[in-house]
2 protein chains.
Amino acid sequence: MTELPDIESLQLLVLVGEHRSLTTAAEHVGTTQPAASKRISALERRFGVRLLDRSHTGSTLTSDGRLVCSWAERVIEDVNLLVEGVNALRRERTAQLSLAASLTVAEHLLPTWIGDLRRQVADLHVGLQVLNSTRVCELVRSGEIDLGFIESPRRLRSLRSQIVARDRLVLVVAPGHRWARRRRPVGAAELATTPLISRESGSGTRDTVEQALLATGLTPVEPLLELGSTTAVRSSVATGAGPALLSELVVASDLAAGNLREVATTGIDLHRTLRAVWHTGAAPSGAAAELLALASRAGSSPRTASARDAKSERDRS
Amino acid sequence: MTELPDIESLQLLVLVGEHRSLTTAAEHVGTTQPAASKRISALERRFGVRLLDRSHTGSTLTSDGRLVCSWAERVIEDVNLLVEGVNALRRERTAQLSLAASLTVAEHLLPTWIGDLRRQVADLHVGLQVLNSTRVCELVRSGEIDLGFIESPRRLRSLRSQIVARDRLVLVVAPGHRWARRRRPVGAAELATTPLISRESGSGTRDTVEQALLATGLTPVEPLLELGSTTAVRSSVATGAGPALLSELVVASDLAAGNLREVATTGIDLHRTLRAVWHTGAAPSGAAAELLALASRAGSSPRTASARDAKSERDRS
DNA sequence: CGCACGTCATAACCTGTGGGAATGACCGAA
DNA sequence: TTCGGTCATTCCCACAGGTTATGACGTGCG
């Protein structure tokens, strides 16, 4: 088993690939040329693969190097998302821009948006709390939070909102599953009577499924398997344990890589809208407005929600 | 800027989350309990976020910890792909199973397959070479390679082959681009007369586009921008420079995250088949057969075209 | 009720990796 | 030839991270 590489070295490798030079790559990452040289050498030694063609006019990637580089880029991308997310979490209290979001949004979308936002607005402290949809709405109402992100189709009293993305639950199975080759879409009735792998009762996706089925007058059968985390569900499906309904955001990469297969459904609406919510009256201020614009530009064709301006009733406790 | 975390610590965090115990997580990764404790502490200090609720009966993740963990899982997943890929590259010469593949397959699919394969067959040395399609075929014919993977629609003389996956070039634009809101699909003629961001001439995807257009009797106009790497194209598109045709495998995550938007096309076939090829007569031996089965199970069942249909029914609220 | 076993934290020590500064070797362009 | 650019090498140092040993604290069993 190859020991794990370290992220700094991967970062460096990518930079060398871009700049065709150890020296400039080194100072681009705030270190010196010998350090960079040693790092890459160590990486080559560890991997047992030559990555760089070093010459006295610069260094370029070997063909193996280019390949490794492309894998490294994905790693670094994910690391950046993690870092953005963590930064937002840490700054929860001292934040200039306070956000609250439900899990799906916080996991899959917010780090990207925050990253983009901070590239536009320098020195911005973003704070993030992860809560369920009703708590998010409460905090937005109380003014503790500048902007909230929720996935609930619930009533939004005295809040303004806008759809920023549209998620969809997709029916997925392992490639070996008999449904993988199925051509006719699965109907609502069949879905309701098929035991699925699912999250525990009360989780967002589980609720969405049940709501969607109830909307067609059906009650879902007991699940085949109940697991505590989405990734656990995902890997159970991949091993062929059975079908599951999972967020498109979660399984996109698995579908592309062929680890999972999507099965078409019909007669049931598994879409759910992800909304930004903010306090009535106060239009989102600078950074919040920027984020809102950015998110809705990124997420979906701007289909602005009709502002549900109800009575501004004060139900602070 | 938060300093970058190291992969071992992230790995450890995920394990602690699973095992609810520092001790067992530590030995699971081949180290001692104090080391693990210090690592996690360091991670918390670096991030400025509490990740673990430590008690005398075990340790569980905080809610922040769970979130960080979910981001960490993606990082680790990509790291594993990188490691699998590198392992295959290194073992090129001493391999028990020699593979050759074109870039797209090698980048996006093979690491996964090899990982799965090595989980089934212990102590397997897999060798990988990355070459263009014609070279792959040559090596397979000469017997130097047990199994090849190509994306060419070319003639396969004296080779047996099997479709293992189906890739598709999708037309993508930035979310702010005017085409992002477009409802009518883009036709072949319009595509041919629109300057696109693309790879340099001779690259696989560029060729595919030109072939597909030529098949409809059209010659593409000069590109808007010519870039040397697929990721460069991808980020140019994301910044709004213009539209591009990119492999579904490349942009899947960006589409899910909303960094890019897909624009429907019509009147042009942008599919391309990814095939495994092997030598006539000699049926693939043990490991090769296993890999072939695994790959075609993962990729080849008929793709649900209704995934697109679901998109067109976005008129609800 | 107390003892054994489980958890994690702390302390002391050691090793080795990785960083910095200075220097050398080499190439190409002016 | 000389200068400006590469990268490699060496020496030294610091500190992160490991291990072992130990302690403190709960839980559960006899």
Side-chain angles (χ1 to χ4, degrees), chain A residues 1-62 64-66 68-69 72 76 79 83, chain B residues 1-62 64-66 69 72 76 79:
Chain A
M1 179 97 131
T2 311
E3 298 137 10
L4 298 175
D6 63 312
I7 295 169
E8 283 86 355
S9 300
L10 297 181
Q11 177 77 269
L12 192 61
L13 179 67
V14 172
L15 286 174
V16 172
E18 284 175 7
H19 292 77
R20 294 173 156 64
S21 155
L22 273 176
T23 315
T24 64
E27 63 196 27
H28 204 278
V29 79
T31 182
T32 66
Q33 171 265 319
S37 179
K38 269 173 68 174
R39 275 204 108 100
I40 300 287
S41 298
L43 208 59
E44 288 178 318
R45 193 160 17 90
R46 169 169 300 177
F47 283 167
V49 170
R50 285 188 37 71
L51 302 172
L52 243 52
D53 275 330
R54 294 136 128 120
S55 86
H56 291 271
T57 76
S59 298
T60 67
L61 295 174
T62 64
D64 285 358
R66 278 196 298 276
V68 172
C69 201
I76 288 165
V79 169
V83 168
Chain B
M1 180 90 132
T2 309
E3 297 135 8
L4 297 176
D6 63 310
I7 294 170
E8 283 86 354
S9 300
L10 297 181
Q11 177 78 268
L12 191 60
L13 179 68
V14 173
L15 286 174
V16 172
E18 283 175 8
H19 292 77
R20 293 173 158 65
S21 153
L22 273 175
T23 314
T24 63
E27 65 197 23
H28 204 276
V29 79
T31 182
T32 67
Q33 171 265 320
S37 180
K38 269 173 69 175
R39 276 203 107 101
I40 299 288
S41 298
L43 209 57
E44 289 179 317
R45 193 158 20 88
R46 168 170 300 175
F47 283 167
V49 170
R50 285 186 40 70
L51 301 172
L52 243 54
D53 274 331
R54 296 139 129 113
S55 86
H56 291 272
T57 76
S59 298
T60 67
L61 295 175
T62 64
D64 284 358
R66 279 196 297 277
C69 201
I76 289 165
V79 168

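Among the protein residues, Ser21(B) comes within range of the sugar-phosphate backbone only, with heavy atoms under 4.0 Å from sugar or phosphate atoms but none that close to a base. Ser41(A) comes within 4.0 angstrom of no nucleic acid atom, judged by non-hydrogen atoms across all strands.
Taking the side chain as every heavy atom from C-beta outward, Leu13(A) and Leu61(A) approach each other to under 4.5 Å. A heavy-atom distance below 4.5 Å is found between the side chains of Pro5(A) and Leu43(A).
Here dG18(D) is the nucleotide among dC8(C), dG18(D), dT9(D) with the atom lying nearest to any side-chain atom of Thr31(B). Across dA8(D), dT27(D), dC8(C), the shortest atom-to-atom separation from the side chain of Pro34(A) is found for dA8(D). Closest contact between the side chain of Gln33(A) and the listed nucleotides dA9(C), dG18(D), dA8(D) involves dA8(D). The side chain of Leu22(A) approaches dC7(D) more closely than any other nucleotide in the set dA9(C), dT7(C), dC7(D).
Using a distance-only test at 3.5 Å, with no hydrogens or angles considered, a donor-acceptor pair links the side chain of His19(B) to the main chain of Leu15(B). Counting only distance, with no hydrogens or angles, the side chain of Thr62(A) and the backbone of Leu51(A) share a donor-acceptor pair below 3.5 Å.
The distance from atom CG of Leu12(A) to atom P of dC7(D) is 11 Å, rounded to the nearest whole Å. Between Asp6(B) atom CG and dC15(D) atom P there is a gap of 18 Å when expressed in whole angstrom units. Protein atom CZ of Arg39(A) is 17 Å distant from nucleotide atom P of dC7(D), rounded to whole Å. Summarising the geometry, the separation between CZ on Arg46(A) and P on dG16(C) is reported as 15 Å, rounded to the nearest angstrom. We find that CD of Glu27(B) is positioned 10 Å from P of dC8(C), with the value rounded to whole Å. Rounded to an integer number of Å, the gap from NZ of Lys38(A) to P of dT17(C) is 10 Å. Per the geometry, CD1 belonging to Ile40(B) stands 15 Å off C1' belonging to dG18(D), to the nearest Å. Distance Arg20(A) CZ to dC7(D) P: 13 Å, rounded to the nearest Å.
The side chain of Thr57(A) contributes no N or O atom lying less than 4.0 Å from OP1 or OP2 of dT6(D). At the phosphate of dG20(C), OP1 or OP2 sits under 4.0 Å from a side-chain N or O atom of Thr32(A). Close to dT6(D), at under 4.0 Å from its OP1 or OP2, lies no side-chain N or O of Ser55(A). Not one side-chain nitrogen or oxygen of Ser37(B) sits closer than 4.0 Å to the OP1 or OP2 atom of dC8(C). Contact annotation: Thr23(B) reaches the phosphate of dC8(C) (side-chain N/O to OP1 or OP2, under 4.0 Å). Between dA8(D) and Arg54(A), a contact under 4.0 Å exists linking OP1 or OP2 to a side-chain N or O.
For His56(A) against dC27(C), a side-chain-to-base donor-acceptor contact under 3.5 Å is absent.
Remark: the Ser41(B) side chain and the Arg54(B) side chain contain an N/O donor-acceptor pair separated by less than 3.5 Å.
Residues Arg39(A) and Glu44(A) are not paired through a salt bridge, judged by the lack of any N-O separation under 4.0 Å between the basic side chain and the carboxylate.
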